[in-house]
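Report on one structure; see the data block that follows.
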Amino acid sequence: MILVTAATAPVGREIVGQLTAAGHPVRALTRDAENTGLPATTDIVAGDLADPESLAIAMRGVSTVFLLAVVPGFAPAFLAAAKEAGVRRVVFQSSGSVDDTAAEQPHAVAAFHHDIERQLCESGLEWTMLRLELSAANAIQWAFDVPGQVRAGDVVRGPYAQAAGAPIHPADFAAIAVEALTDDTHAGRTYPVTGPRSLTHAEQIALLAEALDRPLRYEELPVEQARTAMGPHAPADVLLDDWARHLDRPAPITDTIETITGRPGRTYAQWAADYRGDFLSR
């Protein structure tokens, strides 16, 4: 049995679907177990990383876990439940900002993920770290932030129109995770993960416009206005700093998708086409 945390988030949903299609038994941990839209064969457990009792239930009979963590301080209870249940390996969606050579991590996001990586390494469990570059998360970011703007008009507003990112299709990240969850050769490995091509924010919106067959343009907001618009729960300072660093250079690109899965990463145009329905008026 493979446990997928955050199972109804874009990546988690893709992991569940791909594991199920490959014939693997899957348990999904999600806060709301009703109307998940997950495959009918999925064993769905209600709970989250902040609830040790639900973790103990979710871990029963599990051999491997995909971990997406956003809850501070959860790791000791999570690892205790995993070891008690006999879990063998954890595949962790970490951050590409983690710096193995630094005495102090560059910012709070990196420090948060570095601490979880450290606890995993010291736990005695097998582990695989999938370090998703901040600039590679744009496709996932747009899936949440942009549909409302697109449905409201022809302008998408945000910071740094010329900031470059390497957007990754959630299905590609999921495919890497599935390989790590099901193939023992990935134990003890750390993989940097990006999409296949560096694109500016403005270029991404232009490709989305092509997929929707309608005019769209990216309108750059002043940084402080963008910071406010991003809301209190987004790591605004970290994201804005990352985008600022990529104003005058391409985003980093890795070959992890092709190396692990044996095929090229999906293009941004493919992502836009696949998520087209999320951007249509409702």
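Nothing here was measured: the structure is a model prediction, and the numbers come from that model.
- Salt-bridge formation is not detected for the pair Asp183/Arg89: no Lys NZ or Arg NE/NH1/NH2 atom is positioned less than 4.0 Å from an Asp or Glu carboxylate oxygen.
- Put simply, the side chain of Arg227 reaches to within 4.5 Å of the side chain of Leu240, judged on heavy atoms.
- For the atom pair OG1 of Thr128 and CG of Leu120, the computed distance is 10.0 Å after rounding to the nearest 0.5 Å.
- Between the side chain of Thr42 and the main chain of Ile44, no donor-acceptor pair closer than 3.5 Å is present.
- In terms of heavy atoms, His113 sits closest to Ala69 at NE2-O, 4.4 Å.
- Judged by distance alone, with hydrogens and angles left aside, the side-chain atoms of Gln204 form a donor-acceptor pair with the main-chain N or O of Leu199 at under 3.5 Å.
- By the neighbour-count criterion of 12 heavy atoms within 6.0 Å, atom CZ of Arg197 is sparsely surrounded, having that number or fewer from other residues, nucleotides or ligands.
- By the 6.0 Å contact criterion, CD on Glu122 is enclosed, its count of non-hydrogen atoms from other residues, nucleotides or ligands being greater than 12.
- At a threshold of 4.5 Å between side-chain heavy atoms, the hydrophobic network of Ile, Leu, Val, Met, Phe, Trp and Tyr places Ile260 and Ile2 in one connected group.
- Note: the hydrophobic cluster containing Val71 does not contain Leu132 (ILVMFWY, side chain heavy atoms under 4.5 Å, direct or indirect links).
- Residue Ile15 holds its CD1 atom at 7.5 Å from CD of Gln93, rounded to the nearest 0.5 Å.
- Val91 and Ile257 fall within a single hydrophobic cluster, where Ile, Leu, Val, Met, Phe, Trp and Tyr side chains are chained together by heavy-atom contacts under 4.5 Å.
- Salt bridge present: Arg88 and Asp184 bring a charged side-chain N and a carboxylate O closer than 4.0 Å.
- Summarising the local packing, CD of Glu84 is surrounded by 12 or fewer heavy atoms from other residues, nucleotides or ligands at distances under 6.0 Å.
- A distance of 5.5 Å separates OG in Ser198 from CD1 in Ile253, rounded to the nearest 0.5 Å.
- Sorted by first and then second residue, the pairs that involve residues 3-19 and meet side chain to side chain donor-acceptor pair (under 3.5 Å), not counting sequence neighbours, are Thr8-Thr30.
- Residues His186 and Glu179 have side chains in contact (heavy-atom distance under 4.5 Å, counting atoms from C-beta outward).
- Side chain of Glu133 to main chain of Thr194: no donor-acceptor pair is present (N/O by atom type, distance under 3.5 Å, no hydrogens or angles).
- We find the CG-OG1 distance between Leu247 and Thr200 to be 10.0 Å, quoted to the nearest 0.5 Å.
- Note: Tyr218 and His201 have tilted aromatic rings, judged against thresholds of 30 and 60 degrees for the angle between ring planes.
- For Asp213, the CG atom sits in a loose shell: 12 or fewer heavy atoms of surrounding residues, nucleotides or ligands are nearer than 6.0 Å.
- One N or O on the side chain of Thr228 and one on the backbone of Glu224 form a donor-acceptor pair closer than 3.5 Å.
- For the side-chain hydrogen bond (donor to acceptor under 3.5 Å, both in side chains) with Asp154, the lone residue among Gln149, Arg217, Arg214 that qualifies is Arg214.
- Counting heavy atoms from C-beta on, the side chains of Met59 and Val65 come closer than 4.5 Å.
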Checklist line | Step-by-step side-chain contact (heavy atoms from CB on, under 4.5 Å) determination, Gln270 to Asp172 | finding: CA-CA 11 Å; Gln270 181 63 58; Asp172 283 335; over 6 Å; no
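- Under a 3.5 Å cut-off, the side chain of Arg276 and the backbone N or O of Ala211 do form a donor-acceptor pair.
- If you chain together hydrophobic residues whose side chains sit under 4.5 Å apart, Leu19 and Val87 never meet in one group.
- In this structure, Val238 is a member of the same hydrophobic cluster as Tyr160, with clusters built from ILVMFWY side-chain heavy atoms closer than 4.5 Å.
- Using a 30° and 60° split on the angle between ring planes, Phe74 and Phe78 fall in the perpendicular class, above 60°.
- Note that CZ of Phe92 is 9.5 Å distant from CZ of Arg131, once rounded to the nearest 0.5 Å.
- Around CZ of Arg118, the count of heavy atoms belonging to other residues, nucleotides or ligands within 6.0 Å exceeds 12.
- Judged purely by distance below 3.5 Å, without hydrogens or angles, the side chains of Asp274 and His169 pair a donor atom with an acceptor atom.
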